[in-house]
Amino acid sequence: MNLFLENIYNLAFFFNTGIGIFTFVCIYILIVLLILPASWLSLLSGFLYGSYIGSIIVFIAASVGASAAFFISKSLFAKKLKKVINRYPKLSVMEQVMQRGGLKLIFLARLSPIFPFSIFNYFCGLNNIKFKDFALGIFGIIPGTFLYCSIGSLAKSLQELKN
């Protein structure tokens with residue numbers, strides 16, 4: 001058990017270096033692009049870097065990953081989806097709602113934990129949403145990000161009290 005804890009501390013020390021933070025950001029971006037859950041990384045960020053710095057790191061990584069997913073979706077899949085939408089009128093109504101509500105809908109969806117972060121990034125790229133609205137809507141993740149990082153930071157504080 002002591003060897004396990006020693007390895008965890010060595011890993012934590014690595015992630016508190018400049019290259020470690022860069023590695024963490026790259027891993028977070030990759031997780032977002034692969035449509036995998038990233039909430040555990042937000043908790044880990046709070047554990048490693050604290051509530052405030054961890055939130056900033058997660059916000060930057062999530063923003064870069066979300067933007068990349070948006071552009072991948074827009075460039076690779078949007079034209080194909082247009083053909084499908086033109087065949088089904090109900091889908092075009094949904095697309096119009098997304099376009100009109102743009103920033104408001106994105107921001108509200110980001111505040112809600114119901115919408116999966118990674119999938120929503122690709123979904124926004126498939127619609128006629130402007131990148132400006134998409135990018136501003138990302139600020140809606142700040143409360144949830146801070147909550148997850150604070151929980152991770154609290155877990156570290158509890159662990160330190162235990163020792």
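We use all heavy atoms of the structure for the numbers below, so side chains are in, but hydrogens, waters and symmetry mates are not.
- Grouping Ile, Leu, Val, Met, Phe, Trp and Tyr by side-chain contacts under 4.5 Å, direct or through others, puts Phe146 with Tyr52.
- Put simply, CZ on Phe139 and CZ on Phe59 are 4.0 Å apart, with the number rounded to the nearest 0.5 Å.
- In this structure, Leu43 is not a member of the same hydrophobic cluster as Ile142, with clusters built from ILVMFWY side-chain heavy atoms closer than 4.5 Å.
- The closest side-chain heavy-atom distance from Tyr28 to Ser42 is below 4.5 Å.
- Criterion: ILVMFWY side-chain heavy atoms under 4.5 Å apart, direct or through other members. Under it, Ile151 and Phe117 are not part of a common hydrophobic cluster.
- Ring centroid separation for the pair Tyr122 and Phe77 does not come in under the 6.0 Å cut-off.
- Linking ILVMFWY residues whenever their side-chain heavy atoms come closer than 4.5 Å, directly or via other members, leaves Ile138 and Tyr148 in distinct clusters.
- To the nearest 0.5 Å, the span separating CD1 on Ile119 from CD1 on Ile35 amounts to 6.0 Å.
- In this structure, the side chain of Ser55 engages the main chain of Ser51 through a donor-acceptor pair within 3.5 Å.
- Distance check, rounded to the nearest 0.5 Å: CD1 of Ile60 to CD1 of Ile21 gives 10.0 Å.
- One N or O on the side chain of Lys74 and one on the backbone of Asn127 form a donor-acceptor pair closer than 3.5 Å.
- Expressed to the nearest 0.5 Å, how far CD1 of Ile56 lies from OH of Tyr49 amounts to 13.0 Å.
- Atoms CG and CD1, on Leu147 and Ile141 in that order, are 13.0 Å from each other to the nearest 0.5 Å.
- A donor-acceptor pair under 3.5 Å links the side-chain atoms of Thr23 to the main chain of Ile19, judged by distance alone.
- Linking Ile, Leu, Val, Met, Phe, Trp and Tyr residues whenever their side-chain heavy atoms come within less than 4.5 Å places Val25 and Leu48 in a single cluster.
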- Message: Apply side-chain contact (heavy atoms from CB on, under 4.5 Å) to residues Leu41 and Val58 and explain how you reach the verdict.
- Response: CA-CA 8 Å; Leu41 280 172; Val58 167; over 6 Å; no

Can you give me every donor-acceptor pair (side chain of residues 103-111, partner residue at least two apart or in another chain, under 3.5 Å) with its distance?
from   : atom 1 : to     : atom 2 : distance (Å)
Arg110 : NH1    : Asn121 : OD1    : 3.1
Arg110 : NH2    : Asn121 : OD1    : 2.5

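- Between Ser45 and Phe24, the shortest heavy-atom contact is CB-CZ, 3.6 Å.
- The distance from the NZ atom of Lys156 to the CG atom of Leu44 is 10.5 Å, given to the nearest 0.5 Å.
- Summarising the geometry of Leu33 relative to Ala68, their closest heavy-atom pair is CD2-CB, 3.8 Å, with the distance given to 0.1 Å.
- Ser118 contributes a side-chain N or O that, together with a main-chain N or O of Val32, makes up a donor-acceptor pair within less than 3.5 Å.
- Linking Ile, Leu, Val, Met, Phe, Trp and Tyr whenever their side-chain heavy atoms come within less than 4.5 Å leaves Phe22 and Ile53 in two separate clusters.
- In this pair, Phe115 and Phe120 present their aromatic rings tilted. The plane angle is within the 30 to 60° band.
- The minimum heavy-atom distance between Pro37 and Trp40, with the atom names listed, is O-NE1, 3.1 Å.
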